[in-house]
Each structure stands twice: as structure tokens, then as C-alpha cells.
Amino acid sequence: MDEFETLFPKYGIHFDLVTDINDFDEVKSLIKVDTKAIYVESVANPTTAIADIETLARIAHAAGIPLIVDNTFSTSYLFKPIQFGADLVVYSSTKGINGHGNVVSGVIVDGGRFDWNSSRFPQFLENEFILKSETHPDNYSYAAVYGRQAFIKRIRMKYLRLMGAVLGPFDAYLELIGLETISERLNKEVATSLKIARYLQTNPHVKAVYYTGLPDSPQYPLAKKYFPKGIGTVLSFELAGTAEQTKRVIDAVRLFLYLPNVGDSRSLIVNPIKITHREVPEERRAASHITDQLLRLSIGLEDSDDLIHDLDQAIASAFK
Ligand SMILES: Cc1ncc(COP(=O)(O)O)c(C=O)c1O
């Protein structure tokens with residue numbers, strides 16, 4: 001939130017936020033002449049709400065802007081947004097792509113289909129010192145020289161090469177080791193997430209479970225369409241208790257680490273209102289179920305019965 005409120009506006013980048021990304025009329029109404037993109041999370045943090053990527057891509061393209069998808073929660077193993085019309089996909093590969101929480105990193109994937117040759121994007125139309133060549137003596141902008149690859153070439157040449165936004169070699173090595181096991185990790189973690197979500201639904205001290213991979217979730221049709229292998233390894237639940245009891249659950253778990261990362265091979269727990277979503281204004285929190293009683297889990301590779309037993313004993317001890 002802080003980046004939307006304070007950092008980006010200093011660079012002239014402003015955001016219109018929507019409460020429900022699948023409220024297509026609202027999304028359309030916010031697209032103005034100076035709008036540059038629609039930016040969505042494929043699976044939202046912490047509610048796991050699913051964005052209808054195909055429809056959003058259609059809306060974006062009708063307006064001449066790209067759809068950018070943050071696909072961090074599901075990873076490229078569970079979902080490939082470009083196949084459904086997204087133009088750019090971004091990942092915090094600190095999370096499930098790496099899977100071990102030992103590297104801070106990011107990935108940008110460009111589908112290479114968006115036409116940047118538009119007055120909406122003047123940065124691709126200006127002649128660039130470095131691109132002047134015998135083949136492009138007069139018109140040597142990113143759009144003229146690279147066509148549909150203009151965006152990713154500009155990212156590489158300006159941000160990677162000039163500004164140094166480069167992953168260190170050892171971090172890249174750790175990422176690649178993590179990536180090798182992505183399918184094994186995610187298959188197990190998704191199965192365990194589903195089992196834990198089902199268990200939580202049966203716990204009398206749990207008021208609500210937020211995991212759109214559950215067949216009784218209102219968004220299950222979208223989950224089936226976009227995520228046949230599962231929506232991911234993060235889920236949230238709301239306790240039917242007090243803020244103090246919620247804190248006691250965090251204190252009582254033995255296997256879950258109290259850590260704001262997601263996608264680790266170790267299971268993690270966090271109270272979003274105090275940590276990951278503390279900057280979200282109060283009026284927006286309610287729409288995302290971010291209350292004092294909300295806990296977010298990121299499911300790792302431990303035995304599923306052990307994790308359920310751990311949650312069970314922690315919740316029981318908080319309500320003693
Ligand atoms: C969905 C999502 N995208 C991006 C990020 C940013 O990740 P990083 O801290 O690796 O920059 C996070 C971090 O929590 C996230 O949850």
C-alpha cells in the first residue's frame with residue numbers, strides 16, 4: 001500500500017484501486033486517457049480471490065492498454081496468465097518459484113504480443129541514443145527497433161543494464177535449485193492446503209475459511225477453469241474469537257513459523273492485520289476480510305496430518 005500512496009505518486013504514477021477486481025463495470029469506468037495498464041493479482045492476498053483474467057484482458061485490450069498479472073501466489077506451475085490473454089506477468093520469486101525463502105528476487109515475463117506503438121506509451125516512441133544504427137538511422141525508438149519486444153528489451157537495457165536490477169549469481173543459483181522441484185513441491189502443498197482448508201471448515205472455533213480451491217467456494221467455477229492443478233498454497237481463516245485468542249494461536253503453533261513470506265517449503269502463519277496488510281486503510285480491510293481474527297497460512301512440505309494436529313492443538317489451547 002505504501003508504494004501506491006507515497007512512493008509511486010512521486011514518480012507521477014497513480015493508482016485507482018477497486019474492491020472487487022471482477023466488477024467489470026467499475027474497472028471499465030476507471031480507464032481514462034492517461035491509464036497505462038490494468039494490474040491484478042491472479043490469486044489475491046490474503047483472501048485467495050481469483051481474478052477473471054480472460055475477461056480483464058479483453059477489457060484492457062479494448063482500451064488499448066496491457067493487462068499485467070502478479071502471479072506470485074499460484075506460480076507459473078499452477079497458472080499461465082499469458083495463455084488467457086495477459087500481456088505481462090510478474091512474480092515475487094522470493095515465494096513459490098524458489099520455494100525455500102532463501103532469496104529475494106523477482107521475475108518479469110513478457111508475452112510479446114502487446115503493441116507499444118501508441119501515444120499512450122511515449123517512452124517507446126522516443127529515439128534512443130543506444131539504438132541508432134545503420135539499419136535504423138532515423139527512427140530508432142524501442143517500438144521501431146524491437147516491435148512487440150519493445151517492453152522487455154527496454155527493461156533489460158535500461159533497468160537491468162543501466163540501473164543494475166540484476167540477480168546476483170549465487171541467488172540465481174539458489175533460485176534454479178528451487179525451481180527444479182516446483183512441481184513436486186506444489187503438488188504436495190496444494191493437496192495439503194485443500195486438506196487443511198477442509199479441516200478448518202469443521203473446526204467450531206473457525207468462523208470462515210478463505211480458499212477458493214474449495215468446491216463450495218463461490219469462485220470455484222473460476223478455480224476449475226484457470227487452476228486445474230489447484231489455486232495455490234496460501235489460505236486464510238477467521239477465528240470465531242477475540243484478537244487475544246488469535247494471538248494465542250500464533251503463539252501456540254509448533255510447526256508453523258510466524259513469518260510474512262509465502263511459498264516456502266516450511267509452513268508459515270501470519271496475522272495480516274498486524275504484518276502484511278497493516279498499511280491497508282481500514283475501510284478497505286473489511287472488503288478483504290482483514291480483521292483482528294484473520295490468520296493466513298502458507299502451506300509447506302510437512303506431513304499434512306502433523307500440520308492439522310498442530311493447528312488443532314493451537315486453536316484448542318487458545319479457546320481453553
Ligand atoms: C503477491 C505478491 N506480490 C509481490 C510481492 C513482493 O515480493 P518481494 O518482497 O519479494 O518483493 C509479495 C510480497 O509479499 C506478494 O505477496
Side-chain angles (χ1 to χ4, degrees), residues 1-8 13 15 17-18 21 37-51 53 56 67-81 86 88-109 155 159-160 163-168 170-172 174-176 178-179 182 186 189-190 193 210-213 226-227 230-236 256-280 284-285 288-290 294-300:
M1 259 335 263
D2 196 27
E3 64 269 44
F4 297 153
E5 296 289 334
T6 61
L7 179 67
F8 289 133
I13 303 169
F15 293 82
L17 303 175
V18 293
I21 190 63
I38 299 178
Y39 188 102
V40 296
E41 285 174 310
S42 50
V43 173
N45 179 11
T47 59
T48 75
I50 296 170
I53 297 298
L56 290 162
L67 177 67
I68 308 173
V69 178
D70 180 335
N71 198 34
T72 297
F73 269 33
S74 36
T75 77
S76 48
Y77 174 66
L78 296 178
F79 182 50
K80 294 185 169 56
L88 298 163
V89 185
V90 293
Y91 295 91
S92 162
S93 44
T94 309
K95 315 287 189 319
I97 287 187
N98 163 273
H100 298 275
N102 53 13
V103 170
V104 175
S105 60
V107 176
I108 300 173
V109 183
I155 287 281
Y159 297 93
L160 212 134
M163 292 189 183
V166 184
L167 199 56
F170 190 71
D171 286 347
L174 290 175
E175 284 273 351
L176 287 173
L179 188 61
I182 191 168
L186 281 163
E189 289 167 356
V190 164
S193 301
Y210 303 108
Y211 189 61
T212 48
Y226 292 120
F227 302 89
I231 62 149
T233 64
V234 175
L235 63 138
S236 299
F256 287 82
L257 299 177
Y258 184 47
L259 214 135
N261 200 25
V262 298
D264 274 18
S265 55
R266 290 157 303 175
S267 292
L268 313 171
I269 190 166
V270 82
N271 43 347
I273 201 158
K274 289 274 195 287
I275 308 285
T276 52
H277 291 69
R278 67 186 182 284
E279 297 157 2
V280 175
R284 289 203 166 269
R285 284 182 187 159
S288 299
H289 311 289
I290 299 163
L294 188 78
L295 288 169
R296 188 190 75 185
L297 304 177
S298 171
I299 303 303

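Note that the coordinates shown come from a computational prediction; the quantities given were computed from them, not determined experimentally. All values below were derived from every heavy atom in this structure, side-chain atoms included, with hydrogens, water molecules and symmetry-related copies excluded. Counting convention: from 1, in listed order, for ligands and their atoms alike.
Among all non-hydrogen protein atoms, the one lying nearest atom 9 (O) of ligand 1 is Lys95 NZ, 3.8 Å. Nearest protein heavy-atom neighbour of atom 8 (P) of ligand 1: Ser92 OG, 3.4 Å.
Shown here is Tyr159, whose OH atom has no more than 12 heavy atoms of other residues, nucleotides or ligands within 6.0 Å.
Of the options Thr48, Asn271, Asn45, Thr47, a side-chain hydrogen bond (donor to acceptor under 3.5 Å, both in side chains) to Arg296 is made by Asn45 and by none of the others.
Listed by atom number, the atoms of ligand 1 under 4.0 Å from Asp70 heavy atoms are 1 (C), 2 (C), 3 (N), 4 (C). Taking every heavy atom of Asn45 and a limit of under 4.0 angstrom, the matching atoms of ligand 1 come to 16 (O). Residue Phe73 has at least one heavy-atom neighbour below 4.0 Å for each of these atoms of ligand 1: 1 (C), 16 (O). The ligand atoms of ligand 1 that sit less than 4.0 angstrom from a heavy atom of Glu41 are 1 (C).
The CD1 atom of Ile97 lies 7.5 Å from the OG1 atom of Thr72; values are rounded to the nearest 0.5 Å.
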Worksheet item: Could you walk me through whether Asn98 and Ser93 pass the side chain to side chain donor-acceptor pair (under 3.5 Å) check?
Response: CA-CA 6 Å; Asn98 163 273; Ser93 44; over 6 Å; no
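Of all non-hydrogen atoms in Gly263 and Thr233, the two that sit nearest each other are CA-OG1, 4.3 Å.
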